[in-house]
Peer 1: 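Take a look at the following structure, please.
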Amino acid sequence: MSAAAQPAPAAEGRQPLVAIHGLSKYYVRGDQVIPVLVDLDLDVYAGEYVALMGPSGSGKSTLLNLIAGIDKPSSGEIRVTGVDIAALSDSELALWRSMHVGFIFQFYNLMPVLTAFGNVELPLQLTTLSRAERRERVATALELVGLTDRATHLPNELSGGQQQRVAIARALITDPTLIVADEPTGDLDRVTAQEILGLLARLNDELGKTIIMVTHDPKAAETAHRLIHLEKGVLVG
Amino acid sequence: MFIPLLVLRNAFRHKLRTALTILGIVVAIAAFGLLRTLVDAWYAGANASSSARLVTRSAVSLVFPLPLSYAQKIRQVPGITGVAWANWFGGVYVNERNFFPQFAISGAGYLDIYPEFILSEGERKAFLADRTGAIAGRKLADKFGWKVGDQIPLRGTIYPGTWTFNLRGIYDGAEPSTDTSTFFFHYDYLNETVKQRYGRAGDSTGVFVESIVHPEDAADVSQAIDATFKNSLAETLTETEKAFQLGFVAMSEAILGAIQAVSYIVIVIIMAVMANTMAMTARERYGEYATLKALGFGNGFVALLIFFESLGIALVGGLLGIALTFPVSHAFVETIGSLLSGFRVSQQTMVIQLAAAIAIGVVAAVVPAWRAARVRIVDGLRAIG
Ligand SMILES: Nc1ncnc2c1ncn2[C@@H]1O[C@H](COP(=O)(O)OP(=O)(O)OP(=O)(O)O)[C@@H](O)[C@H]1O
Ligand SMILES: [Mg+2]
């Protein structure tokens, strides 16, 4: 809608949370070079809710993965939370992700052997929080996503929407700077998708979380404040 | 508490697969233990024998007898305190399956050289006084339910006919390792009967046994004995009893080698099977490992999950396998009716079994753990959906 192609909100003097400059990503197959992202510039500011759209294969997931620090660029600059993440080692990057990034996936990616509670608690296993502190935080997160009564359920005992809500609680639990979501409603029906999108909007509104969401669904994109279009590895509009 | 929980839950995700893997390891470790115990038992006889005793036999082959007259000459060799002789009888008790060794021995002289055969004074006297008397080891007597006073018929294979002996005593072993599965009777009875009944020459025996003053002189004394009969019609070969027994074992060296090889092959096979299972398991979970890594868990964490799961399964299988070795070995001895002395699962065997189980767990995990640790997060995530 009118959100499309809207420029970044007035942010003079503020450091962008995500600062991308001349970013390229290509794969090499034998002597063939496959460009995925080409000389890309993008700034995302703290508190923004950005929807990333584009045709299949345009490089949306690749861009999101680069921002989230689970993939490395071929060239260009990418600073997130003020850190040049391309320069970090694997283990430094892992630590950085655990502190700054919350992940939401299309297929939820919950650990099938852990209960809803255990899944939400998972990122806290990397912290020095006590058992009691972890318990309290998990309870709060589960309450926020409305799953208090499902804490002891395993993922295969939950509906898709419920699983995604567990995943959202997991993404929130460490109070990350940035939440990345790759087609979070891609596997859900319209009504359930609407619930999930409502939840994401609340995270942005009430908790001030910065969210970058990849989506195919124009309805989903509407809930974001800003829309970015990617086509053949280039930002358009 | 988090890693053990995750490992345990993961291990039980495919209950049937895990159960079958454990079963395979149990069988392999138990089979390994049984085969090793069998080999151990074979050597046990030799290890229990003394190096303070010498055995003199024909230099040509054990099957050629030596003249009894040698006893006098051997006795004159310095360093020797006693000479006795024994001759293999090779009789069958009821049927061939009941195999046990039988020797015709030179009465008191022989028993004096073997103090580890413990016989009550009364039974010793009764045996020595009865020309057709015999004594049996405790294990042997227990196996057939013999009591002192029983008549024991043996069908001769080397010396035809049925020979009936009066059981005059049952001896015990001084040590747990002492063999008590042998049957002894009087050489004189055998010798005279052979001479009368079959008109054979007689007055010859398979081996002489000598006790010596100092075990460290064994080599010198052995040489001195053999030198005495140099260039005679029947040259001798003297060695310690231990060397003699090991010579026996050496005859079966090829078989023992094969058994040992099989025992290790069994371990290698189960290693390969388990490695395949772990690889399959890990591959199914690449998406989960990638998710864990995205959340900030390290490559090492993911590798440890696989290692601990593999090691845990292998250890459970290994311990059950070790426990199973005991009843299996027992049943094995019962079935083949063997009187192999010292047929028991040694501590060393259990340690090797445990080590083998650990090796199975570790080796099976190496490749899957390495791969899971190395897989790129984006590639692992792509595996989902
Ligand atoms: N490991 C790889 N090797 C070669 N090419 C790859 C690899 N990974 C991704 N690509 C290519 O990069 C391009 C962008 O992939 P990406 O997953 O980012 O697309 P997307 O916009 O998320 O598509 P979709 O909407 O279908 O999820 C695709 O053409 C894909 O084939
Ligand atoms: Mg994608």
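Here is the naming used below: chain letters follow the sequence lines, and residue numbers restart at 1 for every chain.
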Peer 1: When rounded to the nearest 0.5 angstrom, what is the spacing between CZ in A/R165 and CG in A/L144?
Peer 2: 11.0 Å

Peer 1: Contact part of B/F297 toward chain A, heavy-atom cut-off under 4.5 Å: side chain, backbone, both or neither?
Peer 2: both

Peer 1: Kindly assign one of parallel, tilted or perpendicular to the pair A/F103 and A/F105, based on the angle between their ring planes and the thresholds 30° and 60°.
Peer 2: parallel

Peer 1: Hey, which of A/L114, A/L93, A/T62, A/D187 has the most heavy atom pairs under 4.5 Å with chain B?
Peer 2: A/L114

Peer 1: Can any side-chain N or O of B/E288 pair as donor or acceptor with the backbone N or O of B/R285 at less than 3.5 Å?
Peer 2: no

Peer 1: Look at B/G298, B/G287, B/A290, B/A294 and state which one has the largest set of heavy-atom pairs under 4.5 Å with chain A.
Peer 2: B/A294

Peer 1: State whether B/R13 and B/E309 are salt-bridged, where the test is any N-O pair (Lys NZ or Arg NE/NH1/NH2 against Asp/Glu carboxylate O) under 4.0 Å.
Peer 2: no

Peer 1: Less than 4.5 Å to any heavy atom of chain B: does that hold for the side chain of A/L122, its backbone, both, or neither?
Peer 2: both

Peer 1: At their closest point, which heavy atom of A/I211 faces which heavy atom of A/L200, and how far apart are they?
Peer 2: CD1-O, 3.3 Å

Peer 1: Under 4.5 Å from any heavy atom of chain B, what part of A/N65 do you find: side chain, backbone, both or neither?
Peer 2: side chain

Peer 1: Which atoms of A/D90 are under 4.5 Å from chain B, going by heavy atoms: the side chain, the backbone, both sets, or neither?
Peer 2: side chain

